[in-house]
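This report refers to the structure that appears directly beneath it.
Every chain is numbered from 1 and lettered A, B, ... according to where its sequence line falls, protein lines coming before strand lines.
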Amino acid sequence: MSVRVRIAPSPTGSLHVGNVRSGLFNWLFARHHGGTFILRVDDTDLERCEERYLDEILDGFRWLGLDWDEGVGVGGPHGTYRQSDRFDRYAEVVDGLLASGAAYRCFCTPEELDERRNAAQREGRPPGYDGRCGLLDASEAGSRAASGERHSIRLRMPDEAIEFADLVRGDMAFAPETQDDFVIVRTSGAPTYHLASTVDDVDYEITHVARGEDLLSSTPKHIAIARAMGATPAIYAHLPLLFGPDGKKLSKRHGDTSLRAFREQGFLPEAMFNFMCLLGWSPGNDEEVISRDEAIARFDLDAVQKNSAVFDTKKLEWLNGEYIRALDPEDFIGRVLPELGDLTAEQEAAFRSLAPLVQERTKRLEEAAEQVQFLLVADDGFDYDEASWDKQMTKDFSRPSLDGALGVLEGVGEWDTDSIEAALRTWMEAEELSARKVLQPIRVALTGSAISPPLFESMDALGRESTLARIRRALDAMG
RNA sequence: GGCCCCGUCGUCCAGCGGCCUAGGACGCCGGCCUUUCAAGCCGGUAACGCGGGUUCGAAUCCCGUCGGGGCUGCCA
């Protein structure tokens, strides 16, 4: 039997990195086993689902290179792969479950349920549904429903323990008394997630369901539904959850939880891919930088770790830096250019000349853009970083350094990196001035900061006019 | 509260009874290099939650305990 796995995002928000990780592991599993990776949409909650979120989600998976063989956008033998288009199918399944007695109508109101749940909590009893409507005569319940009485539909949970072998957690068993009869169809007539998701898994012949551990305790429900449908449940694998730096569940509060946010900050898809592979799984040796093919070759679900992981952006940044440095220079330029906005031909040329130097010292594309900002502003169109100014421009050596350098630079013939460096170094040597004391003030004068790409190249890229103008401006500013 | 999962450096992983005086990576701290910042190189810091077993031998197996987390919805 060939492997068929799926990722089933719910378009109720941005693509969360937790979902991305689930998608990635499913994708790796499918590719490793030569199986089929399916992307379907769990959009039963019509109120909260939005098309723009779906677009963002699809875009995110594509960006990461997680291509799907069947599903939304690419089609396949199972229709649109959207739950909102399958309500008839769910109704059909429910009719069958009702007919077989596997499910029953429940006339309890939300208010009643709420009250009973609270009471149960207070008295230390299990808070689940007590199953009272399951005792009703089915045909009587049917006629009540036919006469328009509002009701939901619940699945009758079996009396035996539900057991299954989880691929990452091992043997699991849930006692029947801990499982209550849960809602599969809302009063509104809409199917719940449990129902729709499981029916889809059965219909689409999903062989393995790898998802977050938060669904572990719902698994008995899904197994019960599949069995009630007369199907064999999928094999489950519950992946460890991802947490934020504070050890709490990775949430919106941590700011950077949507894939889009990372993308906007200039993380490379290759780096994200690599990094997420290492969260809950390892290639089995001490390798950290691992290629896509290598990951596919070595990945398997039973090698996934059990304990949860903290999403460590520091390590992601390091890895991203590794990938950025490994980029072909032209490729790097192509990725940074869009971050810079509209450039004049001169600005682009200036950027290109400095790009290789920037590539070496950047961890994110956004950061690369910041490093070359000084090339893109007017000579008097930037502010000086306060700390840099205090450190370099208020000392005894500051003015003499800039004054002297200005004179030297005015005399430079051919304006290129080597000539600039030669002229400055010759002068520094003659005057017995340290590079530190001369070059740092110039750096601040040109870029506004004591941190910048290498200076001589920067001066070259900036051009003679701007370089001189900026030094004069700094001299003026020193008062 | 109930049910369930998890527990190796700050973080991510290796370890699956002896090769562990616990290894790698990120981070952090020093040093070298150096025009700043990076990169690179060298070195350092730092963990088997605790208590009982089992065993000749336990990070590895069992029990307990403590701690963290998830679920407990007519959300997914």
Side-chain angles (χ1 to χ4, degrees), chain A residues 8-10 12-13 42-45 47-49 106 108-110 113-114 117 120-128 151-154 166 168-169 172-175 177-180 182-188 190-194 196-197 212-220 238 240-241 243 245 247-249 275 278-289 305-319 321-322 325 357-363 367 371 388 392 421 424-425 428 434-440 442-444 447 449-456 458:
Chain A
S10 186
T12 54
D42 278 17
D43 57 349
T44 48
D45 190 344
E47 267 87 68
R48 299 199 304 144
C49 290
C106 173
C108 301
T109 65
L113 261 16
D114 230 47
R117 184 165 30 244
Q121 288 270 34
R122 252 182 282 117
E123 294 157 29
R125 285 181 288 113
H151 65 280
S152 62
I153 297 173
R154 291 179 184 271
D166 190 286
V168 344
R169 299 191 190 260
M172 305 292 321
F174 289 83
E177 60 272 20
T178 65
Q179 301 298 314
D180 66 334
F182 62 100
V183 173
I184 56 175
V185 178
R186 294 176 248 253
T187 303
S188 68
T192 60
Y193 158 77
H194 298 303
S197 175
E213 198 209 296
D214 50 340
L215 267 338
L216 183 56
S217 27
S218 300
T219 305
H238 287 93
L241 261 20
F243 290 92
K248 298 257 174 62
K249 191 177 179 184
F275 176 67
L278 268 20
L279 253 30
W281 177 75
S282 95
N285 52 22
D286 288 334
E287 285 174 47
E288 310 284 335
V289 181
Q305 249 210 315
K306 293 185 180 74
N307 44 321
S308 53
V310 170
F311 195 94
D312 180 10
T313 51
K314 276 282 193 295
K315 186 160 183 175
L316 208 210
E317 286 207 334
W318 163 75
L319 202 49
E322 293 285 311
R325 269 172 258 124
L357 266 10
V358 174
Q359 182 176 0
E360 273 179 53
R361 58 205 75 221
T362 189
K363 289 189 163 76
E367 196 178 81
Q371 286 182 43
S388 299
Q392 305 300 343
E421 176 163 12
L424 246 16
R425 285 203 189 279
M428 287 189 291
S434 74
R436 246 196 79 72
K437 290 181 176 177
V438 174
L439 269 20
Q440 281 302 84
I442 299 178
R443 192 185 301 281
V444 175
T447 71
S449 168
I451 299 170
S452 86
L455 192 58
F456 304 121
S458 294

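Listed by chain and number, the residues in a salt bridge (charged side-chain N to carboxylate O under 4.0 Å, His left out) with A/Arg117 are A/Asp114 (sequence neighbours excluded). Listed by chain and residue number, nothing satisfies the side-chain contact (heavy atoms from CB on, under 4.5 Å) test with A/Asp286 (two or more places apart in sequence, or in another chain). Under the rule for a side-chain contact (heavy atoms from CB on, under 4.5 Å), the partners of A/Ser458 that lie at least two apart in sequence or sit in another chain are A/Leu354, A/Phe374, A/Pro453.
Between the CG atom of A/Leu319 and the C1' atom of B/G27 there is a distance of 14 Å, given to the nearest Å. Regarding A/Asp166, its CG atom lies at a distance of 9 Å from the P atom of B/C6, rounded to whole Å. To the nearest angstrom, P of B/C71 lies 12 Å from NE2 of A/His238. The interatomic distance linking A/Glu177 (CD) with B/C3 (P) rounds to 9 Å, in whole Å. One atom, CZ of A/Arg117, and another, P of B/G2, lie 18 Å apart when rounded to the nearest Å. Atom OH in A/Tyr193 sits roughly 14 Å away from atom C1' in B/G73 (whole-Å rounding). Here B/U34 presents its C1' atom at 17 Å from NZ of A/Lys437, a figure rounded to the nearest Å. If you take NZ of A/Lys306 and P of B/C5, they are 11 Å apart, rounded to a whole angstrom.
Across the strands present, B/C28 finds its partner in B/G44; the criterion is a Watson-Crick or G-U wobble pair with both atom distances under 3.5 angstrom. Across all strands shown, B/U55 forms no Watson-Crick or G-U wobble pair with both distances under 3.5 Å. If you check B/G1 for Watson-Crick or wobble pairing at under 3.5 angstrom, you find it paired to B/U72. Searching all strands for a Watson-Crick or G-U wobble partner of B/C20 with both distances below 3.5 Å returns nothing. The partner of B/U65 is B/G49, judged by Watson-Crick or G-U wobble contacts that both fall below 3.5 Å.
Using a 4.0 Å cut-off between charged nitrogen and carboxylate oxygen, A/Glu213 and A/Arg169 count as a salt-bridge pair. Ionic pairing of A/Lys315 and A/Glu288 is present here: one or more N-O contacts between side-chain nitrogen and carboxylate oxygen are shorter than 4.0 angstrom. Salt bridge present: A/Arg425 and A/Glu421 bring a charged side-chain N and a carboxylate O closer than 4.0 Å.
For B/G68 and B/G49, the C1' atoms lie 11 Å apart once the distance is rounded to whole Å. Between B/C6 and B/G10, the two P atoms lie 22 Å apart (nearest whole Å). Of the C1' atoms belonging to B/G23 and B/C37, the separation is 32 Å, rounded to the nearest Å. A gap of 13 Å separates the C1' atoms of B/U60 and B/U55, to the nearest Å. Only the P atoms considered, B/C5 is 13 Å distant from B/C62, to the nearest whole Å. Taking atom C1' on both B/U35 and B/G27, the two are 28 Å apart, rounded to the nearest angstrom. Across B/G53 and B/G73, the matching P atoms stand 43 Å from one another, rounded to whole Å. One P atom belongs to B/C48, the other to B/U8, and the distance between them is 10 Å to the nearest Å.
Toward the 5′ end of RNA chain B lies the nearest nucleotide of A/Pro126, the other residue of the pair A/Phe174 and A/Pro126 mapping further downstream. Between A/Lys314 and A/Arg48, the residue anchored closer to the 5' end of RNA chain B is A/Lys314, taking for each the nucleotide with the nearest heavy atom.
Judged by distance alone with a 3.5 Å cut-off, no donor-acceptor contact links the side chain of A/Ser217 to the base of B/C3.
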**OP:** Kindly determine whether A/Gln179 and A/Phe174 satisfy side chain to side chain contact (heavy atoms under 4.5 Å, CB included), including the steps that lead there.
**Re:** CA-CA 8 Å; A/Gln179 301 298 314; A/Phe174 289 83; 3.7 Å; yes

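In this structure, A/Leu316 reaches neither bases nor backbone, as no heavy-atom distance under 4.0 Å exists between it and the strands shown. A/Leu424 comes within contact range of no nucleotide atom at all, as no heavy-atom separation falls under 4.0 Å. Residue A/Arg122 is out of contact with every strand shown, counting any heavy-atom pair closer than 4.0 Å. Nucleic acid contact class of A/Cys108 (heavy atoms, under 4.0 Å, all strands): base. A/Thr187 comes within 4.0 angstrom of a base, heavy atoms only.
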Taking only N/O atoms, report every protein-nucleotides 9-16 of chain B pair under 3.5 Å with atom names and distance.
residue	atom	partner	partner atom	Å
B/C12	OP1	A/Val310	N	2.9
B/C12	O2'	A/Leu278	O	2.9
B/C12	O2	A/Lys315	NZ	3.2
B/C13	OP1	A/Gly280	N	2.4
B/C13	OP2	A/Gln305	OE1	3.3
B/C13	O2'	A/Ser282	OG	3.3
B/A14	OP2	A/Gln305	NE2	3.2

Polar atoms only, N or O, under 3.5 Å: list the protein pairs with nucleotides 43-45 of chain B and their distances.
none

Listing time: all N or O pairs from protein to nucleotides 35-39 of chain B that are below 3.5 Å?
residue	atom	partner	partner atom	Å
B/U35	OP1	A/Arg425	NH2	3.2
B/U35	O2'	A/Arg443	NH2	3.4
B/U35	O2	A/Arg443	NH2	2.4
B/U36	O4'	A/Gln440	OE1	2.9
B/U36	O4'	A/Gln440	NE2	3.4
B/U36	O2'	A/Ala450	O	2.7
B/U36	N1	A/Arg443	NH2	3.3
B/U36	O2	A/Arg443	NH1	3.4
B/U36	O2	A/Ser452	N	2.9
B/U36	O2	A/Ser452	O	2.9
B/U36	N3	A/Arg443	NH1	3.2
B/U36	N3	A/Ser452	O	2.7
B/U36	O4	A/Pro454	N	3.3
B/C37	O2	A/Arg361	NH1	3.3
B/C37	N3	A/Arg361	NH1	2.2
B/C37	N4	A/Arg361	NH1	3.1
B/A39	O3'	A/Arg325	NH1	3.4

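Residue A/Arg169 has its side chain nearest to B/C5 when only B/G70, B/C5, B/A76 are considered. Among the nucleotides B/C74, B/G1, B/G27, the one closest to any side-chain atom of A/Gln121 is B/G1.
Among all heavy-atom pairs drawn from A/Asp312 and A/Phe275, the shortest one is O-CZ, 3.4 Å. Across all their heavy atoms, A/Ile451 and A/Arg443 have their closest contact at N-CD, 4.1 Å. Summarising the geometry of A/Gln392 relative to A/Arg436, their closest heavy-atom pair is NE2-NH2, 3.9 Å, with the distance given to 0.1 Å.
Side-chain contact between A/Leu319 and A/Val289: present, with at least one pair of heavy atoms (C-beta onward) separated by less than 4.5 Å. Residues A/Asp166 and A/Thr219 are not in side-chain contact: their nearest non-hydrogen atoms beyond the backbone lie 4.5 Å or more apart. The shortest side-chain heavy-atom distance between A/Gln371 and A/Val358 falls under the 4.5 Å cut-off.
Phosphate proximity of B/A76 to A/Thr44: present, with a side-chain N or O under 4.0 Å from OP1 or OP2. One finds no side-chain N or O of A/Arg125 lying less than 4.0 angstrom from the OP1 or OP2 phosphate oxygen of B/G1.
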